[in-house]
Protein chains: 2
Amino acid sequence: MEAIADNASSLLRETSLFSAWPEALLNTLLTQSKKVTLGSGDILFVEKATANAFYLVLSGRIHLIAAAATGQEKIVEIIQINDLFAEAVAFLGGCYPVTAAADGPTTVLEIPLALFLEILEQKPQLMRQMLARLSMRLHFLVKELRHLSVESAEQRLASYLLELCPVVNNPAVIELPAKKAAVAARLGLTPETLSRVLSRMRKAGLIEVEQRTISIPDPLALRRWAGGH
Amino acid sequence: MEAIADNASSLLRETSLFSAWPEALLNTLLTQSKKVTLGSGDILFVEKATANAFYLVLSGRIHLIAAAATGQEKIVEIIQINDLFAEAVAFLGGCYPVTAAADGPTTVLEIPLALFLEILEQKPQLMRQMLARLSMRLHFLVKELRHLSVESAEQRLASYLLELCPVVNNPAVIELPAKKAAVAARLGLTPETLSRVLSRMRKAGLIEVEQRTISIPDPLALRRWAGGH
DNA sequence: CGCGAGATTGATCGCCCTCAAGGTAAGTGG
DNA sequence: CCACTTACCTTGAGGGCGATCAATCTCGCG
């Protein structure tokens, strides 16, 4: 229990949102939070459920999924270790807009909204940070909208790979953050299409694929290639 | 000039963001703001430009447009009269994520970011409202992502029409907020496809179309029909 | 080895875009 | 009042991208 708290504390401190919080407040928050362990595919919360808490990924991965009436699903975002999610619902006091499911064994820290809001109310500068954070998410989603609506499969995958590159000028070797089927869903594609596009890029000499490891000798060439379809 | 300020003041007060602002602060903001008149197609700001202000639509309409490298365009949102836009950039101090263009003759109120931030800094409860507002936009965009990625043209148009209905149980007569080509772009479709889908709905007896006026005898039937492709 | 999950590859199909040709309606000038 | 113009919408034919369905392949593992 103590070990868990310590682990969570250090992880919390690493997030941009909490990095500037005073120790005392962070501890208060932690005593009210609890660790949740999930198996592969377990549902943390479902779309439209009343939101009582938000979450920090301690280990594993969480998929945020939007489902249509027809049963089709789209992974809106893949939440990695040490990322916060669902924190935006706090200010609406409403319900979750997506479903959250574990991708493999995963542990998350569940932080109650009520206490969080109470603390925030007394610390305006923390609010300012929340605002910046939400703005960043807004920009991210706007960018996603563009990707989905006006870019081809090649362009979407290329953008995605380029985002994973630390620097765009040098050769890079990157690791896909999840199994390919999940990456495909994240990009709004089927696994088959993802496979074919990767294959096309490989044949064009732009990337090399080995399991989840992808090496990109010339990221800029990849970007140019995607530009011309 | 005085008339302009009065008009803008009353409009500002009607927006959820400013409705709770004290008169004095609102006037301070107004004296620093200025009215901008735009002709059809005029660009208010372009994507990636440094953001110095955000805007309130006083009359007409503004299209927020995301463009791809290939030149294709998608209307992310259609901003109606009395709606704020671009206010989210304030907290990043960065650049606009989309391009804003006037749809027909339009006037907007240009509100400088610097002053706005300064006021906000001193009024925590106003920040709280900003947070709620940004959360709402986040939810809106998440919903949009779902629409674009997992729904068909029929479903997207049906959802769009249903959102324009005041109540979903009763017959409704609604007015498209812009010319059909713009609505199509807003839905991620071409004008041709929009026309065809409208035609299909008409032949199914679900709607009647007269210029921009659309009557929906049974919104629920429309929703059911869209569910089954 | 055999099993099963994930990845690949091929064949086919459907939705939506593109290109092209009317069609409708409102506004001009004679 | 009527040709003419212009903007917008509609309708049709054809094609491409990515989904679907199905078969095969790879690899880790009991």
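Labels below follow one simple rule: chain letters A, B, ... track the order of the sequence lines, proteins then strands, and each chain is numbered from 1. Hydrogens, waters and symmetry mates play no part in the numbers below; they use all other heavy atoms, side chains included.
Side-chain proximity of A:E154 to D:dT20, D:dG18, C:dA7: nearest is D:dG18. When distances are taken from the side chain of B:E192 to each of C:dT18, D:dG18, C:dG10, the shortest belongs to C:dT18.
Put simply, the side chain of A:K179 never gets that close to the backbone of A:R212: no donor and acceptor are under 3.5 Å apart. Formation of a donor-acceptor pair under 3.5 Å by the A:R156 side chain with backbone atoms of A:E151 is found in this model. A:Q155 contributes a side-chain N or O that, together with a main-chain N or O of A:S152, makes up a donor-acceptor pair within less than 3.5 Å. A donor-acceptor pair under 3.5 Å is formed between the side chain of B:T99 and the backbone N or O of B:E47. Proximity of a side-chain donor or acceptor of B:R61 to a complementary backbone N or O of B:P177 within less than 3.5 Å is detected.
In this model, the phosphate group of C:dT8 is approached by a side-chain N or O of A:S195 to a distance below 4.0 Å at OP1 or OP2. When the side-chain nitrogen and oxygen atoms of A:K179 are compared with OP1 and OP2 of C:dG6, one or more of them lie within a distance under 4.0 Å. Remark: A:T190 is in phosphate contact with D:dA19, judged by side-chain N or O atoms under 4.0 Å from OP1 or OP2.
Within a heavy-atom distance below 4.0 Å of DNA chain C, the residues of residues 196-215 of chain A found are A:R196, A:S199. For residues 99-107 of chain A, proximity to DNA chain C is found at no residue, defined as any non-hydrogen atom under 4.0 angstrom from a strand atom.
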Exercise for the section: Could you walk me through whether A:E110 and A:S33 pass the side-chain hydrogen bond (donor to acceptor under 3.5 Å, both in side chains) test, one step at a time? Expected result: CA-CA 5 Å; A:E110 182 177 279; A:S33 305; over 6 Å; no
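Atom CG of A:L157 and atom CG of A:L187 lie 6.0 Å apart (nearest 0.5 Å).
At the heavy-atom level, A:L194 lies nowhere under 4.0 Å from the strands shown.
Rounded to whole Å, the distance from CG on B:L189 to C1' on D:dT10 is 16 Å. Here C:dC17 presents its C1' atom at 15 Å from CG of B:L187, a figure rounded to the nearest Å. Going from atom CD of B:E151 over to atom C1' of D:dA19 covers 17 Å, rounded to whole Å.
In this structure, A:E144 pairs ionically with A:R186, as a charged nitrogen and a carboxylate oxygen lie closer than 4.0 Å.
Here the options are B:T37, B:T106, B:T107, the test is side chain to side chain donor-acceptor pair (under 3.5 Å), and the partner is B:S59; only B:T107 passes.
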